[in-house]
Chemist: 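Before I ask anything, here is the structure I am working with.
Each chain gets a letter, A, B and so on, in the order its sequence line appears, and its residues count up from 1.
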Amino acid sequence: MTAVLDRAGESTAAPSPVRTPRRQRRRLGDVIVPVFAALAFVYLLVPVAYTVVFSFNDAGKTNLVWQGFTLDNWQNPCGAPQVCEAFANSLQVGVVSTLIATALGTLVAIALVRFRFRGRASANLLIFLPMSTPEVVLGAALLAQFLTLRVPLGFGTVVAAHVLFCISFVVVTVKARVASLDPALEEAAADLYASPWQAFWRVTFPLLIPGIAAAALLAFSLSFDDFIVTNFTSGSYTTFPKFVYVSATRGIPPQANVISSFMFVLALAIVVLVQVLGYARSKKLRGR
Amino acid sequence: MSITAALGDSVAGVAAEPPRRRARRAHLVLLGPGLIYLVLFFVVPVGALLATSLYVPVPGGDVGEYQPAFHWQNYVDALAQFWPALLRSFWFAFLATVAALVIGYPMAYVIAVRARGRKLLQGLLLVLVVAPFFTSFILRTIAWKQILADDAFVVTAMHFLHLLPADARLTATPFAVVSGLTYNFLPFMVLPIFAALERLDPRLLEAGADLYASPVTTFRTVTWPLSMPGVVAGTLLVFIPAAGDYVNASLLGNNTNTTMIGQVIDARFFKVLDYPTAASLSVVLMVAILVLVGAYVRRSGTEDLL
Amino acid sequence: MTSTSSAVTADATGAGGAALELEGVTKAFGQFVAVDDLTLTVPSGSFFALLGPSGCGKTTTLRMVAGLEQPTAGTIALGGRDVTGTRAHQRPVNTVFQSYALFPHLTVGENVAFGLKRSKAKDVAARVVDGLDLVELGHLADRKPAQLSGGQQQRVALARALVNRPALLLLDEPLGALDLKLRRQMQLELKRIQTEVGLTFVHVTHDQEEAMTMADTVAVMNHGRIEQLGSPAELYELPRTAFVANFLGQSNLVAGTVTERLTKRGLLGVDVRGTRVLVPAARAVRTDGAVLVGARPEKMRLLVGDQTPGRGENVLGPGTVTDVSFLGVSTQYQVEIPGLGTFGVFAQNLVGGATVTVGTSARLAWAVDFTFGLDGAQARDDGAVDLDDEL
Amino acid sequence: MTSTSSAVTADATGAGGAALELEGVTKAFGQFVAVDDLTLTVPSGSFFALLGPSGCGKTTTLRMVAGLEQPTAGTIALGGRDVTGTRAHQRPVNTVFQSYALFPHLTVGENVAFGLKRSKAKDVAARVVDGLDLVELGHLADRKPAQLSGGQQQRVALARALVNRPALLLLDEPLGALDLKLRRQMQLELKRIQTEVGLTFVHVTHDQEEAMTMADTVAVMNHGRIEQLGSPAELYELPRTAFVANFLGQSNLVAGTVTERLTKRGLLGVDVRGTRVLVPAARAVRTDGAVLVGARPEKMRLLVGDQTPGRGENVLGPGTVTDVSFLGVSTQYQVEIPGLGTFGVFAQNLVGGATVTVGTSARLAWAVDFTFGLDGAQARDDGAVDLDDEL
Amino acid sequence: TGSPSSAASSAEDLSDSDKIVRWANWTQYLDQDEEGTSYPSLQAFEEQSGLKATYAEDIDDNDAFFGKVSGQLKNGQDIGYDIVTLTDWMAARMIRLGYTQALDKSRMPNADNILPGLANVDFDPARTHSLTWQSGFAGLAWDKERVPGGLHTLSDLWAPELAGRVEVLSEMRDTMGLIMLDQGVDPAGSWSDSDFYAALEVLKEKIDSGHIRQVRGNAYTQDLASGDAIAVIGWSGDITSLNYEADDKFEFAIPEAGGTLWSDNMMVPIGSPYLSNAEDLMNYYYDPEVAAQVAAWVNYITPVQGAQEAMMAIDPELAENPMIFPTDEILSKVSVFRTLSPDEEERYNGEFLTVIGA
Ligand SMILES: Nc1ncnc2c1ncn2[C@@H]1O[C@H](COP(=O)(O)OP(=O)(O)OP(=O)(O)O)[C@@H](O)[C@H]1O
Ligand SMILES: Nc1ncnc2c1ncn2[C@@H]1O[C@H](COP(=O)(O)OP(=O)(O)OP(=O)(O)O)[C@@H](O)[C@H]1O
Ligand SMILES: [Mg+2]
Ligand SMILES: [Mg+2]
């Protein structure tokens, strides 16, 4: 946003009496969009802020009314029964389903972009279908399936379900990346004596990493925040969103706010860190 | 941040024409695991769901006991009873999609175009878009409920300023449900539009200006059409989950005039144990979405999008 | 092809272009000064070429004229009117972008119509047809840019700009993507259009041959400043700096010291490692001290065996022919003279291929009248592309 | 620069390249035949150039040789060994790709080392250093490709291929992205490397000047077939088809009918709209009926006023000078002769700029010995780039 | 979803090898310490028995909970809990379907402390499959400031000035029971379809007109706290708890026409391999002192005899609280919703859900 303001300032540098009204309009036009976007960001972040604020509430049984400031919840984030267990479960489910979905989805994406074969269209459709299926339907279908197969509900079934809806997102994300990858690079590798396997590991894969990382991030956030499908397929296994949903009926312990706020801050910190490191590295390179 | 950038990509990515290759069956090795997974955990369960939708109750059986049959009447009954909820779901999803577009497009635009070249700022804004995913969305929804509560600041202030009639309220209304949907799926709108806009060559905007187009005209004739793939992807990613959602409706609505089909399916499934009705509603919902999406994608000329 | 251009000339906004005046224009990006106090007048209806190495500020200059960039200082006037503060879409200027910048979502025809529609022109359809015919792409009006070859895209970009009959047309390397053959053909086309329509063209290019064929006036830019400005023949025949001598075609430059002034004959005697070389005083930048003596390769000829130089010719050598390249039209020889370096010699293949082989000993002769003298303080190879330097 | 190349030549796999033989090679994409029954031998250690218009099948041919594409029919042999079925990574062939195809995630050094590591070569580090020195990029080994200029990237691509000392090096427009100046410099470089290292080079290019400067043998391709093959001078001086005559440099072609055979003097008399033009029978593709009589622009000179042709010269005209372009090194004139069309004439600027002005009446004269005769059934302008055709 | 599974049988008891017990309960239904970080009574049990107890507040709705586990129960699978706590009618269904394990009373001496009124219920005559956890009333609750006059009958709830600030429970038996009582029908008696539908009509009218803002489960307390609701049909214990934090802002009363009484029952689901451990735990909570400790925190009616005496030691004021230790007079005003046949249950439940918009 500062970018915009800077630029607006720049354009008004040269003086000319005739231009004054025009300049005014332009400044307005330049400002309206960012202001609107800023309001949208506020809209997006107000509940997050609320969540963060109430993580400092000196709450009793419920965390609905502001009772006073305290750091207790942050000092003892696992204080409320089950909250940390649910959080750990969510992390576990998120990591495992992300790994599986990313691996499977990446392979599918590569195949879909790089090869032309009969049934490619159907494969594409099959990938798209889970994405276009409402979560209730997915959850219901999976639950019925697990029961028919007499699979005990728990970690395994939750992961299986999460992998299912993450795969499609991974495929689409990685597909975009593969498509933008110059096929000439793989040919160059082959030309330089790399076997197909070596060409994949030394050229294709490293170049896909940003796409794969993005896909993994997306998969993780979807899995971490999923409630509907989890609710159907988890049995007595509790994940963080499920814990929140269930406890919401009487009052969510402030520790849940602590954990949510923590995740939010963590995500911000990671991005800033990556940026700063990348910036420092590029600066170093340029310096040489 | 490339990660978040590519994350946006994801959904707007229009795959290039695949190069011709000698078939070496390598694709089977690559596709195999993923597709087998999808067949096992998607095709088979959905097939079973389809079968369930035709079941009939066991005569004289207890609650929730059904036996296989081909009772197509289930669909007729289910639709006859629940078509208002079905229509309302699509209506709410549509409203939420439009609202998310109106709110999300400027956000994406500012991140992609106005913050172009300022990597740190861009990364930060992007993560602010994604980060709410990490604070449980139920917590956020409940936060909304508290923020918009009758006694809370917002409503009191609006009453005081006469922006809202004295007996009007914000929670437990269709408005609350739609804004909850909008809110919760907003990131899905912003990311693909961001990806599309980021790929937009700024030189095209200059070309527009050079050819006498004012900023507004340039937006209308160049920026908007070129961001269409992102807009289409974003609208789909908001519309589909919104149409099937029940959490927002049950937390923020919970009245007969906010009942969404997801709630009905959930209730039939879990509370009434009326599996055939739940299953047939699921099938109807899925097919309806597929048909709508297919028509939409075809109309917008972005078939190769997905 | 010529029949259709009438639509372009018959414009109410006035056939003929506007004069462009830059006055002390400077553009700084942060600390970096990309264009440095540029003052320049391009007369109405002329074809002006801006030539210079990559990064010297050509595109930046054009962008300021187009209104896509605000100058840090200075003013820009178009047809006598100060447009410095006017926004891009309000200037009667069109640009053919280095990268074409075609709208990918519009057809070729819609691309060409874009500017006309914005300026609410009449007869848009007819003018688009005319414009496309002008670049011989009438039959491709319904294609999308992605379905065109590079050369065709470039021509669409050209048509899109031309069709608006701007007072000033800016061309930023508009032919960069074409192969040599097509490029030459388009050059003739462009030149023809410019003459017929009478627009003012400012043409940016890397390619000195292009600049010389097409332009009335050429300006050679370097590091944000103009090194020399003049007609192509003037710049070529009488470069005033080593940079211009090397950048515009090849030059054989050799260092020497002025030892005599033959004022009557208007000549300078220059000592080049013991050989006396004559330089017309009027063609020398300085008349004393260290100078660089130069001559173009095509002005030089090889003296083999006992061939003698003609009257009024300078002679250097002997040296050894180290390379012979057959270029079709001509043959290029490299002659190494010990202590003086390598000299290039062009010989038109008037009578077939090469006449001299590698290893032959030869002297170089060239007319005194085509010798020029530069400031000896300049680097001999300033402006000659160095392989490590082009980043 | 020369000192380091020793590492490249001193390879155990044998200094000097392998001969390449294509035998009836055809490549069809669906219905479309991109390469049509191509038979070709490139001798070991030679510099072979493949020249042709865009889309004629050059890249496809190279890709088949590299093993990146399977021929539909025919065999490819390398150093006498049939490699048709061998996969790309098993062929001792390296390619410098049209688009460089540098690995963006690897540094320059790692890019160059890539092939060596795959083939488990020894002394990888030392050879990488040598290879980079060869292209004068030793100091940039730690950069990523994105941090290099286009010219530098191209040189990295070259080093990456050269460092493997392949028996055969394929160059697909390796200089396409460079500006004229740098391009000429790189051409000299490449040629030097090829001669020093003694590899077999197959070089694909659009640019006929490039092909002629660099190659021992040039093949002109068109529509998937080879039109003519020979040394550059041979192809240039004695084209056998109108396509070659027009594609390789410019040609002045004019239609006529053989009316006499002066067998003793080995000449043909051709009637060109009433004027008799002589063609050496040995330089004519056919000796009767309709022919195209041709001569290169640099072979022609203008006869102005009462100037007379020399002995053994053909004369056409008079016509009118319609265009004079100063090219620096030379001046190009366009002369229109009523009924015969427009002729190009090049004159080296041995004595400064243009000597004839537009509108002057002039005749054209050129030596009978440099006249060639083509099949009159061919289109006069085959191979001359038509603006609409290059997609 | 096939025919009733008779194959479901009790799982092999692994109680001796694995010292664990897993208990699913409603939220805020067990005493917690000051920080809300642990359950003192459960900790004491762990120390005393050497068992590791996992306590999960996983139940927020009888139907929803049953819906999630019924498939596994039908298969006879371990659902991950050794004790589940469900309301009477759902307990009835569980027992009827054979989804519970029989309790060995000989291992549970304290079980005899059960209040006589609860010792014999129609769905589990000798309490062989279930033990009551807590009981409570459904009645009227309101914000004392905003409804100064208080609520006495259901009609007070329908007063126009309360429009849009009224909430009722999503628990069919409580909401419908109160309406039926208001219409003079005893939900414990043998009423007919028409009685039910007449009551449902009232509910429908109030919801459709917007008089009832929302139909909620436990979460109605949040709406009371945030002011979105000022008068509700609610549960007795909730209001007591709520008042701790809200300075006695709210009041609860049983309507003059009568209220409903419900109980939640602990059961050991089929498939649980830790029956003995579960029995130990139930036995522990039937100790009067432990029961008093729980009741002092959750504020519901404790089913254990002697708890009132024990309560005197903890908090004499609570011992007098009629909502925890109801007097006979109060008990005479409340009735237990009668057990429904499967057919009735499915129909009523479906209709009710449709009306409340779920
Ligand atoms: N936005 C910018 N910020 C910083 N420096 C810039 C910017 N734009 C251009 N420059 C610098 O200004 C100088 C001139 O750039 P310009 O694009 O005008 O070069 P050019 O002469 O057109 O070169 P080329 O022939 O390569 O197109 C270059 O050194 C470039 O790096
Ligand atoms: N995969 C393919 N499928 C169909 N046609 C193809 C394919 N690859 C090449 N072609 C066609 O084969 C012809 C030869 O292509 P090729 O790339 O060899 O041309 P080229 O001579 O290298 O041209 P350029 O000079 O433009 O690079 C072209 O007409 C092209 O359209
Ligand atoms: Mg430029
Ligand atoms: Mg090619």
Chemist: Show, in sequence, the C-alpha distance, side-chain angles and deciding distance for K242(A) and D226(A), and conclude whether the salt bridge (charged side-chain N to carboxylate O under 4.0 Å, His left out) test is met.
Modeler: CA-CA 8 Å; K242(A) 197 176 149 188; D226(A) 177 76; over 6 Å; no
Chemist: Consider only side-chain N and O atoms of T217(B) and S214(B), and report whether a donor and an acceptor are under 3.5 Å apart.
Modeler: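 Yes, a side-chain donor-acceptor pair sits under 3.5 Å.
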Chemist: For residues H162(A) and T233(A), is any side-chain donor paired with an opposing acceptor at under 3.5 Å?
Modeler: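 Absent: no donor and acceptor within the cut-off.
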Chemist: Looking at chain B, which one of P134(A), S90(A), A103(A) has the largest number of heavy-atom pairs inside 4.5 Å, strictly under?
Modeler: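 The residue among P134(A), S90(A), A103(A) with the greatest pair count is P134(A).
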Chemist: Heavy-atom cut-off 4.5 Å, strictly under: side chain, backbone, both or neither for L186(B) against chain A?
Modeler: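 The answer is the side chain of L186(B).
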Chemist: Chain B heavy atoms under 4.5 Å from F220(A): which part of the residue, side chain, backbone, both or neither?
Modeler: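 Contact with chain B involves the side chain of F220(A) alone.
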Chemist: Given heavy-atom pairs under 4.5 angstrom as the criterion, report whether the side chain, backbone, both or neither of P241(B) touches chain A.
Modeler: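 Neither part, no heavy atoms under 4.5 Å.
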Chemist: I'd like to know which of L35(B), I265(B), N184(B), L38(B) tops the heavy-atom pair count under 4.5 Å against chain A.
Modeler: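 The residue among L35(B), I265(B), N184(B), L38(B) with the greatest pair count is L38(B).
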Chemist: Spell out, as yes or no, whether a donor-acceptor pair under 3.5 Å connects the side chain of S223(A) to the backbone of A219(A).
Modeler: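 Not confirmed, S223(A) side chain does not pair with A219(A) backbone.
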Chemist: Can you tell me which portion of V102(B) sits under 4.5 Å from chain A's heavy atoms? Options are side chain, backbone, both or neither.
Modeler: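 For V102(B), the contact with chain A is made by backbone and side chain together.
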Chemist: Among V171(A), L138(A), L129(A), which has the most heavy-atom pairs under 4.5 Å with chain B?
Modeler: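 The candidate making the most pairs under 4.5 Å is L129(A).
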Chemist: Examine whether an atom of V43(B) lies under 4.5 Å from a heavy atom of chain A, and if so say whether it belongs to the side chain, the backbone or both; otherwise answer neither.
Modeler: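 The answer is the side chain of V43(B).
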Chemist: Less than 4.5 Å to any heavy atom of chain B: does that hold for the side chain of I167(A), its backbone, both, or neither?
Modeler: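 Only the side chain of I167(A) comes within 4.5 Å of chain B.
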Chemist: Using side-chain heavy atoms (C-beta onward) and a distance below 4.5 Å, is T182(B) in contact with Y43(A)?
Modeler: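 T182(B) vs Y43(A): side chains touch.
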Chemist: Please check: side-chain N/O of R140(B) versus main-chain N/O of P132(B), any donor-acceptor pairing under 3.5 Å?
Modeler: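 Yes; judged by distance alone, with no hydrogens or angles, the pair exists.
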Chemist: Do N257(A) and S261(A) meet the criterion of a side-chain donor-acceptor pair at a distance under 3.5 Å?
Modeler: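 Absent: no donor and acceptor within the cut-off.
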Chemist: Heavy-atom distances under 4.5 Å only: say whether F240(A) touches chain B with side chain, backbone, both or neither.
Modeler: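 Only the side chain of F240(A) comes within 4.5 Å of chain B.
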Chemist: Among L164(A), I212(A), V48(A), L126(A), which residue forms the greatest number of heavy-atom pairs with chain B at distances under 4.5 Å?
Modeler: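 Most heavy-atom pairs within the cutoff with chain B belong to L164(A).
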Chemist: Picking from L107(A), I110(A), L222(A), which has the most non-hydrogen pairs under 4.5 angstrom with chain B?
Modeler: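 Greatest number of close heavy-atom pairs with chain B: L107(A).
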Chemist: Using modelled atom types only, decide if a donor and an acceptor are shared between the side chain of Q122(B) and the backbone of I111(B) within a distance under 3.5 Å.
Modeler: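 It does hold such a pair.
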Chemist: Below 4.5 Å from any heavy atom of chain A, which atoms of I289(B) appear? Answer side chain, backbone, both or neither.
Modeler: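 For I289(B), side-chain heavy atoms alone lie under 4.5 Å from chain A.
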Chemist: Taking side chain as everything from C-beta outward and backbone as N, CA, C, O, which of these in T141(B) sits under 4.5 Å from a heavy atom of chain A? Side chain, backbone, both or neither.
Modeler: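 Interface part for T141(B): neither.
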Chemist: For I127(A), which atoms come within 4.5 Å of any heavy atom of chain B: side chain, backbone, both, or neither?
Modeler: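 I127(A) touches chain B through backbone and side-chain heavy atoms alike.
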Chemist: What part of L290(B) gets closer than 4.5 Å to chain A, counting heavy atoms only: side chain, backbone, both or neither?
Modeler: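 Looking at L290(B), just its side chain touches chain A.
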Chemist: Find out whether Y55(B) and P276(B) are in side-chain contact, i.e. whether some heavy atom of one side chain is under 4.5 Å from a heavy atom of the other.
Modeler: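 Yes, at least one pair of side-chain atoms sits under 4.5 Å.
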Chemist: Indicate yes or no for a side-chain donor-acceptor contact from S250(B) to the backbone of V247(B) under 3.5 Å, with no hydrogens or angles considered.
Modeler: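 Side chain of S250(B) to backbone of V247(B): a pair is present.
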Chemist: Without swapping roles, check the side chain of Y246(B) against the backbone of D266(B) for a donor-acceptor pair under 3.5 Å.
Modeler: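 No.
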Chemist: Below 4.5 Å from any heavy atom of chain A, which atoms of F137(B) appear? Answer side chain, backbone, both or neither.
Modeler: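 It is both, since atoms from each part get that close.
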Chemist: Measuring heavy-atom distances to chain A, does F269(B) have an atom under 4.5 Å in its side chain, in its backbone, in both, or in neither?
Modeler: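 Answer is side chain: those atoms of F269(B) sit under 4.5 Å from chain A.
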Chemist: Measuring heavy-atom distances to chain B, does F232(A) have an atom under 4.5 Å in its side chain, in its backbone, in both, or in neither?
Modeler: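 Contact with chain B: backbone and side chain both.
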Chemist: When the aromatic ring centroids of Y105(B) and F219(B) are compared, is their separation below 6.0 Å?
Modeler: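 Yes, the ring of Y105(B) comes within the 6.0 Å limit of the ring of F219(B), centre to centre.
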Chemist: In terms of heavy-atom proximity below 4.5 Å to chain B, should V163(A) be classed as side chain, backbone, both, or neither?
Modeler: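 For V163(A), backbone and side chain are both near chain B.
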Chemist: Can you tell which part of L266(A) gets under 4.5 Å to a heavy atom of chain B, answering side chain, backbone, both or neither?
Modeler: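 L266(A) has no heavy atom closer than 4.5 Å to chain B.
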Chemist: Does Y109(B) use its side chain to pair, donor to acceptor, with the backbone of F194(B) at less than 3.5 Å?
Modeler: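 Here the side-chain-to-backbone pair does not exist.
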Chemist: Where is the tightest heavy-atom contact between A108(B) and I193(B), given as atom of each residue plus distance?
Modeler: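 Answer, listing the atom of A108(B) first, then I193(B): CB-CG2, 3.6 Å.
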Chemist: Tell me, side chain or backbone of I209(A) under 4.5 Å from chain B's heavy atoms, or both, or neither?
Modeler: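 For I209(A), there is no contact with chain B at all, as no heavy atom is under 4.5 Å.
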Chemist: Taking every non-hydrogen pair under 4.5 Å, which of L49(B), L40(B), I138(B) racks up the most with chain A?
Modeler: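 Ranked by contacts with chain A, first place is I138(B).
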Chemist: What part of A144(A) gets closer than 4.5 Å to chain B, counting heavy atoms only: side chain, backbone, both or neither?
Modeler: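 The answer is neither part of A144(A).
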